[in-house]
Structure formats: C-alpha cells, structure tokens
Amino acid sequence: MFSTANATAQLDFLTANYYAALEISAAVVAVIILISAADDFFFDVWYWTRRLYRKFTIERKATPLTAAQLRERDEQPIAIMVPAWLEYDVIAHMIENMVAVLDYRRYVIFVGTYVNDRTTIEEVERMRGRYKQLHRVEVPHAGPTCKADCLNWVVKAIFAYERARDMEFAGVVLHDSEDVLHPLELKFFNYLLPRKDMIQLPVASLEREWYELVAGTYMDEFAESHAKDMLVRESVAGTVPSAGVGTCFSRRALLGLQAETGGEPFNTASLTEDYEVGTRLSQMGMQTIFARFPVQFTVQRKPWFSDGTGKTHSLEVPLSVREFFPDTFRQAYRQKARWVLGIGLQSWEQIGWKGSLAARYLLLRDRKGIVTAFVSMLAYVLALQFMLFSAATTFHLWQIFYPPLLAGDGWWRTVLLLNALAMINRCAHRYYFTAQLYGWRHGLMSLPRMVVSNFVNFMAVARAWRLFLLYLFAGKALAWDKTMHDFPSEDRLAVPRRRLGDLLKTWQAVDDATLERALEEQRRTRLPLGTVMVSHGWLDEETLAEALAYQENLPRVRLDKESVEQHAAALPGELATRLRALYIGDDAVDGRRVARIAVASALGDEARAELEAALGLPPFPMVARESEIAAGLRLLHGQRNAFDKNQTEAGVPLLGDLLIGGGMLSREVFDAAMQRYRPDRHGRIGDYLVAQSVISRDAIEQAVREQRRLFQRNGGQMA
C-alpha cells in the first residue's frame with residue numbers, strides 16, 4: 001500500500017513539474033513569436049505606407065510605361081545563361097518555349113552542362129541543331145559542384161563569344177531550366193539597360209490544383225514575398241537580392257564582379273550565389289532594382305468540384321518569371337534546405353554582419369528562420385500537450401498542478417493577445433496577396449497551407465543545420481542538391497502557332513532578307529517554302545525538319561536503308577510515292593498499336609485514312625529529312641545507292657516538285673496522275689507521265705537536268 005501511494009505521489013510530483021516546465025517553455029516561445037511578429041508587422045506597415053504615399057504623389061504625376069514604348073527601343077544584344085545539372089527532363093521544353101514566346105531577336109542562349117551529364121548534353125545538342133542562337137557551354141569537370149561554378153564557366157564563354165565576334169552584350173539574364181518566360185521580358189530589360197546594373201523581376205509559381213498543398217505553399221509565399229517583401233527591402237536598404245532567376249546583369253556589373261574576385265563573378269563557396277550579388281553590386285555603387293511592370297495575362301480557371309469547362313479571366317499582374325515548384329514534401333524541404341543553407345548559414349559565415357544598420361537588419365530578418373522554424377514547430381507541440389492536459393482535467397483524469405505561472409491578466413495575457421492579432425494580420429496578408437494572383441479560392445486555401453508551410457520549413461531548417469554542421473566539423477563538402485523539376489504542358493502555355501517563315505526567323509535560322517527572297521521564289525515556282533530554301537542553300541535540311549516537326553508537334557526520326565527495305569513490302573509503292581510516306585514498322589504509343597510513318601510534312605485526313613486502310617493500323621507520323629524521304633522512295637524504285645552519304649545529303653527536290661515548281665505541271669494534275677501510278681507496271685515516274693500525255697519528254701529531260709545540277713552543286717552524284 002505504501003509503495004503504491006509513494007509511486008502515485010512521485011508521478012503527481014513529476015507531472016506537476018512537467019506542466020510547469022511546459023508553461024515556462026510556452027512563455028519563451030510566445031515571446032520569440034511576438035518578436036518575430038513585430039518584425040513582420042514592421043514590413044507590413046512600411047509596405048502600406050509606401051504604397052499609399054506613392055499612390056497620392058509619384059503615381060499621380062508619372063506617366064506609366066507602356067508595352068509600345070518597350071517595343072520602340074532599338075534592340076541591344078542580350079545573353080541568356082542557363083546552368084543545367086540533370087535537367088534532361090525539362091531543358092528542351094524550356095528552350096522551345098523560350099524561343100517560341102520571346103518578342104525579341106537579338107539574343108543568344110548559353111546553357112552550361114557538365115561532362116558527366118550525358119543525358120542533359122544530348123538534349124541540349126538536339127536543341128542546338130534546331131536553334132542557331134543556342135550555344136552549349138561545357139563545364140570541364142564532373143558535377144555536381146554548385147550553381148555558381150557552372151555560371152562562372154558560362155560567363156567566361158559569353159565573354160569569349162564577344163571577343164570572337166567583336167561585339168558586346170548589353171546585359172546577361174539568368175534563368176533556370178524550369179522557367180517560363182513572358183514575351184516582353186527581354187524588351188523590358190532592353191529598355192532599362194545600361195542605366196540599371198541589376199534588374200530583378202518578380203518570381204511566381206504557376207497555378208496548382210487546390211489539393212496540391214505542398215506546391216501551393218510556393219504560390220502563397222512567392223505571391224506575398226515578391227509583391228511586398230522585395231519592395232520593402234529595396235526601399236529600406238536600397239539593395240535587392242537576386243532571386244537566381246529573372247535577373248538581368250549589365251555588362252558593367254559582370255565585369256565589376258569579375259574584377260572583385262579575380263575572374264569569377266559568382267561565389268562558388270555558396271549554394272545561393274545569387275543572394276549576395278545584389279549587396280556586392282550595391283557596395284560598388286551600382287544600381288540594383290526590383291522592377292514591376294504590369295502586363296496582361298489570360299488564364300482559364302476550372303471549377304474545383306465539378307466538371308465544368310471553366311471561365312477565362314484577364315488579369316493585370318506584374319511581368320514575372322513563372323515556374324512549377326516541387327509538389328512533394330521531400331522535394332520541397334530539400335530545395336528549401338539549400339536556400340536556408342546559403343542564405344541563413346553560409347552568408348553568416350562568409351559575410352557576417354557587414355553593411356549599414358538597415359542592411360544588418362535585413363540580414364537578421366533573413367537569418368531568423370534558422371531559429372523560428374524550430375520555435376514554430378515547438379509551438380505546435382506545446383499546444384497539443386496543453387490540449388491533452390485540458391482534456392484530462394475536464395474529464396477528471398488529472399487534477400494535480402502547481403499554482404499556474406501564467407494565470408491572471410498580466411503580461412502573459414497581453415503577449416497571447418498580441419500574438420493572436422499578429423496571426424490574424426498574417427492570415428489577412430497571405431489571403432490578400434495570394435488572391436491577387438490566383439483568385440479568392442486559392443486565397444482561402446492559403447490559410448491551411450500556412451500550416452503545411454511551417455512543417456516544410458521545419459524539415460528544411462533541420463536538414464540545413466545537419467548539412468552545415470557536417471561541413472563544419474566533418475569537412476563534408478556542400479554540393480548542388482538536385483531538385484527534379486516539371487515543365488508545364490504545351491496546351492497549358494498556349495504558345496501561338498507560327499507560319500514556317502516566321503518560325504525560322506524566330507529560330508534565327510534565316511534573316512529577313514533571305515526569307516523575302518525565299519517567299520518570292522516560292523511565289524514563282526509554287527514549291528513548298530522549305531523546299532525552296534533548302535534547294536537554294538538558304539537553309540539546312542536538319543533545321544527544316546526540326547521546324548516542321550515542331551510546327552506539327554510530331555516526333556523526329558532518322559531513316560536508313562535497312563529500316564526502309566525491311567518494311568518495303570507492307571505499303572504499296574504507288575501509295576508511298578504519292579503520299580511521300582514510308583512505313584517503318586509498328587509500335588505501341590499511348591497504349592495502342594500504331595504504324596510508324598516517316599514523312600517530310602504533315603499528313604492530311606485523306607492520307608491518314610488511306611494509310612490506315614492499307615496497313616490496318618492508325619498511322620503515327622514522324623518527321624524525317626526531305627532528302628531521307630526522297631532516298632527512301634528512290635530505294636523503293638530500285639536505286640540501290642539511294643542512301644549513300646553523298647545522295648542523302650544533297651538535299652534535292654523530287655522530280656514531281658521540280659516539274660510543279662518550274663510551272664510545267666500543276667499540283668492537281670500531278671496528284672491525279674499519281675493516283676493511277678503503279679511502279680511495277682509503269683516503271684519510272686517520268687516515263688509514266690510522258691506515256692499518260694501529262695507532260696512532254698522535253699519537260700522531263702529539263703527537270704532531270706535541273707535535278708542533276710542541284711545534286712552536283714550540293715556535292716551529290718546522280719545514280
């Protein structure tokens with residue numbers, strides 16, 4: 001009996017002490033939260049005061065900058081640098097979208113890749129064959145190192161490019177391989193260069209579904225940070241940190257950064273090399289700005305809980321860089337851990353507390369997260385335990401307590417009241433800024449996502465501390481922690497379709513004068529524009545095939561003698577010749593069997609129907625070079641050397657195209673005659689056309705002579 005009572009008394013004593021410790025911990029946590037909330041409240045007050053002041057003073061007098069003014073400014077050469085490590089899944093899509101949307105001509109893209117990242121290299125090289133303004137920069141050692149290391153090699157390549165061509169870029173723009181650009185981005189940078197030395201655009205998350213809670217936290221955080229916090233930072237301290245994307249450096253700024261560090265503008269000792277760049281430039285007396293320029297966005301928002309088609313909304317929002325951020329808990333906290341490492345820990349180690357009072361205050365604000373993330377999580381743990389004790393008291397399961405330390409109407413109640421008001425203020429601001437970009441529904445969802453964000457940030461800070469302590473005490477290097485990225489689908493981006501000539505100009509494959517000559521020749525000959533340009537040497541076949549594939553959203557294919565011969569019997573020769581299509585086997589695509597058809601241009605509905613009737617499978621077009629299609633058709637007609645290198649690279653139109661282009665035969669008459677053509681009975685096409693009285697023998701011989709001339713001019717030989 002005594003031992004049981006003694007044990008009960010000891011348990012009561014321990015529990016009472018534990019509860020008292022909880023009260024002390026709660027008091028400490030509440031005070032820390034209040035101090036952090038005061039910091040946030042200062043930013044809120046500064047933002048709204050500044051906004052109201054500008055509204056009734058500067059904005060009332062100033063004339064807003066317009067898109068027309070941006071387009072009136074003469075274009076200066078601009079370089080775009082994209083560091084890439086294991087970006088094989090998104091880099092091609094990003095480059096395609098960039099080139100398709102940018103309303104600018106005088107720019108060059110430099111993508112940095114590592115020697116041991118073969119898959120990314122292959123994707124960049126594939127794009128390099130298509131886009132003349134794309135250059136790949138090889139980092140000469142294995143990765144991953146850090147983003148700064150890759151960027152330094154890219155910057156060296158940019159200056160080497162200038163020297164080789166005796167020119168200078170007005171600015172260099174930094175982007176990541178998952179960025180979605182706005183058409184006016186380079187126009188805007190061009191307008192501000194060279195007056196400004198670092199221009200930072202806002203960054204925003206692409207819109208996510210309501211149930212994607214982790215990805216949604218990025219929508220909320222960037223919406224508030226880049227609409228409010230960045231403006232306050234610029235106003236308070238006169239400096240702007242680079243966000244690592246959407247940052248434009250003047251040539252003077254890069255040269256200054258290089259001179260300061262002996263040739264390497266970006267700090268390779270930091271995982272967030274972009275963070276300190278703005279401060280360094282400001283210390284050099286250069287101008288850094290966070291620029292906001294309103295543009296129109298059209299978005300379609302579907303109802304959340306129905307199958308409706310949705311409504312189209314036109315929004316005026318700041319010109320920004322958009323992207324998909326991680327949508328899984330693990331990827332999110334690993335990415336944020338890198339940010340915490342660079343901004344909160346490495347910058348403390350490397351920069352210390354230099355600068356003006358305002359600059360040091362901002363450093364403190366940036367670094368407080370390495371503590372407050374733990375405090376926030378401790379607050380959840382304490383709240384849960386207080387609720388458990390309250391429930392136990394309510395149901396008379398526990399009644400043993402010391403006199404409460406935090407009772408009454410003293411300072412503790414005041415702290416709790418102020419923290420409650422601060423929480424309401426935070427929720428109101430988070431709702432406001434999220435709703436401004438994504439609508440009121442996402443504004444409401446931002447409130448529960450604040451809890452998710454706290455858990456992500458806690459894990460990120462814990463990981464950052466672990467990696468930093470291993471670096472300090474175990475000498476473990478801090479390397480580029482890769483985050484896998486997504487890129488939005490083509491239909492979501494709504495990239496406008498362009499005519500072939502405009503597309504080739506966008507790709508910088510031809511200039512205006514060459515395109516005009518080609519269009520004039522097309523009007524005269526009535527040949528396809530691509531055929532005209534290739535036959536005159538104004539365009540290479542590979543670029544033409546890439547352009548046609550891109551235009552029709554079709555995959556590419558390389559033809560060879562074996563693939564054509566292997567399947568030659570499956571498709572009638574006359575059908576292959578008439579449609580200029582080669583069957584190269586069947587395959588599974590999206591869960592169904594299809595017939596792979598090599599073509600030089602898109603198939604019409606009638607052609608698709610004929611091919612499906614002949615092969616018994618729906619056709620799946622794949623774009624090959626025109627010369628490869630021609631070689632395949634010649635092979636079907638008995639020319640055994642059709643795929644010899646000097647034949648396929650000659651890039652010469654087929655006989656029918658030459659006859660039509662020369663005005664000796666109309667397309668309608670030629671197609672009608674080819675409907676009856678059977679190579680096994682009629683022999684060569686030229687002889688068949690003469691026998692059918694479609695064209696004269698002299699015309700055929702003239703076309704053959706022109707074919708031979710083009711072959712010889714392009715380095716080929718007639719069989």
Side-chain angles (χ1 to χ4, degrees), residues 29 32-33 35-40 42-43 146-148 200 203 217-218 220-222 224-226 228-230 232-233 236-237 239-245 247 266-280 282 325-326 329-379 426 450 453-474 476-483:
V29 166
I32 295 175
I33 290 175
I35 294 171
S36 178
D39 168 41
D40 294 334
F42 171 76
F43 258 57
C146 61
K147 186 176 175 182
Q200 177 62 58
V203 179
T217 63
Y218 288 93
D220 311 331
E221 291 172 0
F222 276 90
E224 183 172 359
S225 172
H226 281 239
K228 184 194 72 177
D229 292 7
M230 292 287 278
V232 175
R233 297 179 73 99
V236 168
T239 61
V240 178
S242 166
V245 298
T247 310
F266 297 100
N267 180 12
T268 56
S270 173
L271 295 180
T272 52
E273 71 298 320
D274 45 347
Y275 172 74
E276 63 181 56
V277 166
T279 301
R280 290 167 57 195
S282 180
F325 289 94
F329 185 79
R330 185 173 185 272
Q331 287 287 335
Y333 81 71
R334 287 175 68 92
Q335 181 188 58
K336 288 190 173 183
R338 180 172 62 83
W339 298 349
V340 173
L341 259 173
I343 295 172
L345 296 171
Q346 286 185 308
S347 73
W348 193 341
E349 177 193 29
Q350 297 167 9
I351 300 175
W353 298 93
K354 297 177 182 177
S356 64
L357 181 62
R360 281 179 281 178
Y361 161 62
L362 293 177
L363 289 174
L364 176 63
R365 177 177 172 82
D366 292 337
R367 295 167 186 173
K368 73 176 184 178
I370 62 177
V371 174
T372 56
F374 294 119
V375 173
S376 297
M377 197 53 52
L378 181 57
R426 280 276 51 75
M450 291 174 73
S453 179
N454 285 337
F455 278 87
V456 173
N457 292 337
F458 165 72
M459 289 296 296
V461 172
R463 176 178 170 80
W465 270 112
R466 182 177 68 83
L467 294 175
F468 189 66
L469 292 175
L470 286 173
Y471 154 74
L472 284 180
F473 299 110
K476 185 176 180 180
L478 298 172
W480 196 342
D481 192 5
K482 170 64 183 165
T483 302

Minimal non-hydrogen separation, [X] against [Y], with atom names:
X      : Y      : result
Ala464 : Ala337 : CB-O, 3.7 Å
Pro326 : Gln335 : CD-OE1, 3.5 Å
Tyr275 : Pro241 : O-CB, 3.7 Å
Gly369 : Val461 : O-CG2, 3.6 Å
Ser270 : Gln350 : CB-OE1, 4.0 Å
Lys336 : Ala460 : CB-CB, 3.6 Å

Spacing of [atom1] belonging to [X] relative to [atom2] belonging to [Y], to within rounding of 0.5 Å:
X      : Y      : atom1 : atom2 : result
Ser376 : Asn457 : OG    : CG    : 8.0 Å
Thr268 : Lys147 : OG1   : NZ    : 14.5 Å
Asp366 : Asp229 : CG    : CG    : 9.5 Å
Arg280 : Thr239 : CZ    : OG1   : 14.0 Å
Met377 : Met459 : CE    : CE    : 9.5 Å
Leu341 : Arg463 : CG    : CZ    : 8.5 Å

Side chain of [X], backbone of [Y]: donor and acceptor closer than 3.5 Å?
X      : Y      : value
Arg367 : Leu345 : no
Gln200 : Ala243 : yes
Lys228 : Phe43  : no
Ser36  : Ile32  : no
Ser282 : Gly278 : no

task: Determine, stepwise, if the pair Arg233 / Val240 fulfils side chain to side chain contact (heavy atoms under 4.5 Å, CB included).
output: CA-CA 7 Å; Arg233 297 179 73 99; Val240 178; over 6 Å; no
message: So for atom CH2, which belongs to Trp339, do other residues, nucleotides or ligands contribute more than 12 heavy atoms lying within a distance under 6.0 Å?
response: yes
query: Counting only heavy atoms not in Arg360, do more than 12 sit closer than 6.0 Å to its CZ atom?
result: yes
message: So if I apply the side-chain hydrogen bond (donor to acceptor under 3.5 Å, both in side chains) rule between Ser242 and each of Thr272, Thr247, Asp274, which one comes out positive?
response: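 For Ser242, the side-chain hydrogen bond (donor to acceptor under 3.5 Å, both in side chains) test succeeds with only one of Thr272, Thr247, Asp274, which is Thr247.
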Hey, are the side chains of [X] and [Y] touching, using non-hydrogen atoms and a 4.5 Å cut-off?
X      : Y      : answer
Ile351 : Gln346 : no
Asn267 : Glu276 : yes
Leu364 : Trp353 : yes
Trp348 : Ile370 : yes
Trp465 : Leu469 : yes

- prompt: Between Ser453 and Glu221, does any side-chain donor sit less than 3.5 Å from a side-chain acceptor?
  reply: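 The criterion, which ignores hydrogens and geometry beyond distance, is satisfied for Glu221 and Ser453.
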query: Would you call the rings of Phe222 and His226 parallel, tilted or perpendicular if under 30° counts as parallel and over 60° as perpendicular?
result: tilted
- prompt: Can you list the steps and then say if Asp220 with Met450 is a side chain to side chain contact (heavy atoms under 4.5 Å, CB included)?
  reply: CA-CA 8 Å; Asp220 311 331; Met450 291 174 73; over 6 Å; no
Ring centroid separation Phe42 to Tyr361 under 6.0 Å: yes
message: Please tell me whether Phe458 and Phe455 form a close aromatic pair, meaning their ring centres lie under 6.0 Å apart.
response: no
task: Could you give me the CA-CA distance, side-chain angles and deciding distance for Leu472 and Phe468, then say whether side chain to side chain contact (heavy atoms under 4.5 Å, CB included) is met?
output: CA-CA 6 Å; Leu472 284 180; Phe468 189 66; 3.4 Å; yes
